[in-house]
Engineer: 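Quick one: structure below, then a few questions.
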Amino acid sequence: MTDFTEIWSYLAEGPLLWLTATLLAYALGDAAFRASGRKPYVNAVLIAVLLLASLLWLTGTPYATYFEGAQFVHFLLGPATVALALPLWDNLGHVRRAAMPLLAALLAGSLTAVGSALAIASALGIEGEVLASLAPKSATAPVALGISAQLGGSPTLTAVLVILTGIIGAICTTPLLNALRIRDWRARGFATGVAAHGIGTARAFQVHPTAGAFAGLGMGLNAVLTAFLAPLVLSLFR
């Protein structure tokens with residue numbers, strides 16, 4: 001046991017260990033997702049989070065130490081988000097033809113995402129920093145963290161809420177939209193992107209390329225609109 005502890009302490013000092021652990025955890029999650037026949041509830045991100053959280057807990061590793069090694073994956077979040085413009089460009093004609101319905105859906109979705117979270121939390125007696133941290137939960141992570149800090153929330157708590165929102169959205173949207181008999185891939189994708197940002201967008205691409213393109217559009221527009229709406233809606237609950 002002593003030898004193992006010494007070896008682990010040595011390996012944990014290098015950033016490559018946590019980058020490798022992150023990639024391996026996601027690879028295992030993706031393998032489980034494929035083995036399940038691509039069932040939405042077997043979510044690769046959720047599995048990776050559970051595996052990494054268990055590893056950090058078992059080894060007593062602080063999150064700061066983990067992030068120092070895994071920050072390269074975090075850095076790639078920006079370029080990956082920008083890359084979503086490519087499939088969107090391919091569907092530019094569809095976007096133009098549905099511009100007005102998309103804007104109406106964006107406003108309704110963004111208001112619902114912010115307002116419902118704050119209303120439920122406020123009814124449960126939550127206030128202050130935690131309430132502010134909830135407001136941008138449906139925006140993509142880099143934007144949500146900035147909004148949270150400006151509102152006086154906890155960016156760390158917001159990050160957790162954003163991830164949970166994305167995972168739950170990715171799991172629930174396909175069966176929910178199927179149950180509602182919504183067949184238009186544009187509507188399905190846009191709703192997923194607005195409600196579940198990047199993780200939901202990744203799921204939309206797995207279902208249909210058009211749904212993925214519109215999910216990317218919904219994610220980007222919702223991030224911008226949330227930056228304006230979150231402070232206004234939050235002021236109603238303070």
Side-chain angles (χ1 to χ4, degrees), residues 1-84 86-87 137-145 154-175 192-193 195-209 211-212 215-216 219 223:
M1 180 62 71
T2 302
D3 291 341
F4 173 78
T5 303
E6 291 176 352
I7 293 172
W8 179 261
S9 298
Y10 172 76
L11 291 175
E13 292 177 358
L16 186 60
L17 171 67
W18 296 113
L19 175 60
T20 303
T22 302
L23 297 176
L24 180 60
Y26 184 81
L28 291 173
D30 187 60
F33 171 68
R34 294 174 184 274
S36 72
R38 297 179 177 273
K39 296 292 190 300
Y41 52 80
V42 186
N43 186 271
V45 177
L46 175 59
I47 293 172
V49 168
L50 293 175
L51 290 174
L52 289 170
S54 299
L55 179 60
L56 295 179
W57 178 70
L58 289 172
T59 59
T61 302
Y63 178 77
T65 301
Y66 161 78
F67 186 76
E68 184 179 351
Q71 60 183 324
F72 180 68
V73 177
H74 179 77
F75 166 78
L76 290 177
L77 181 62
T81 302
V82 174
L84 292 174
L86 296 177
K137 66 171 182 58
S138 290
T140 187
V143 177
L145 299 185
S154 167
T156 302
L157 177 57
T158 297
V160 174
L161 294 169
V162 167
I163 293 171
L164 288 176
T165 299
I167 291 174
I168 293 171
I171 292 173
C172 295
T173 49
T174 296
T192 302
H197 51 81
I199 300 175
T201 297
R203 171 59 186 164
F205 271 111
Q206 292 170 345
V207 176
H208 194 277
M219 178 185 69

Engineer: When rounded to the nearest 0.5 angstrom, what is the spacing between OG1 in Thr174 and NE2 in His208?
Structural biologist: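 If we round to the nearest 0.5 Å, Thr174:OG1 and His208:NE2 are 12.5 Å apart.
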
Engineer: Is any side-chain heavy atom of Phe33 closer than 4.5 Å to a side-chain heavy atom of Lys39?
Structural biologist: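 When only atoms from C-beta onward are counted, Lys39 and Phe33 do not touch, as no gap falls below 4.5 Å.
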
Engineer: Could you grab the distance from atom CZ of Arg38 to atom CG of Asp30, nearest 0.5 Å is fine?
Structural biologist: 7.5 Å

Engineer: Locate the shortest heavy-atom distance separating Ala223 from Thr140; write the atom from each residue and the value.
Structural biologist: CB-CG2, 4.0 Å

Engineer: Provide the closest heavy-atom pair for Val162 versus His197 in the form atom of the first, atom of the second, distance.
Structural biologist: O-NE2, 2.7 Å

Engineer: What's the spacing between Thr22 OG1 and Trp18 CH2 if we round to 0.5 Å?
Structural biologist: 8.5 Å

Engineer: So, do Val207 and Arg203 sit near enough that their side-chain heavy atoms are less than 4.5 Å apart?
Structural biologist: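 The answer is yes; the side chains approach within 4.5 Å.
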
Engineer: How long is the straight-line distance from CG of Leu50 back to CD1 of Ile167, given to the nearest 0.5 Å?
Structural biologist: 7.5 Å

Engineer: Please name the pair of heavy atoms, one in Ser138 and one in Ala195, separated by the smallest distance, quoted to 0.1 Å.
Structural biologist: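 Closest pair (atom of Ser138, atom of Ala195, distance): OG-O, 3.5 Å.
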
Engineer: Can you measure from CG (Leu24) to CG (Leu51) and round to the nearest 0.5 angstrom?
Structural biologist: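 Taking CG in Leu24 and CG in Leu51, the distance rounds to 8.5 Å.
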
Engineer: Specify the closest pair of heavy atoms between Leu145 and Pro155, including all atoms of both residues, with the distance to one decimal.
Structural biologist: CD2-O, 3.1 Å

Engineer: At what distance, to the nearest 0.5 angstrom, does CD1 of Ile168 lie from CD1 of Ile163?
Structural biologist: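 Result: 12.0 Å between the selected atoms.
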
Engineer: Minimum heavy-atom separation for Ala144 and Ala139, please, with both atom names.
Structural biologist: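 Shortest heavy-atom separation between Ala144 and Ala139 comes out as CB-O, 3.8 Å.
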
Engineer: So which atom in Asn43 and which in Ala170 form the shortest heavy-atom distance, rounded to 0.1 Å?
Structural biologist: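 Of all heavy-atom pairs spanning Asn43 and Ala170, the closest is ND2-CB, 3.6 Å.
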
Engineer: Any side-chain heavy atom of Ile171 within less than 4.5 Å of one from Leu46?
Structural biologist: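 They are in side-chain contact.
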
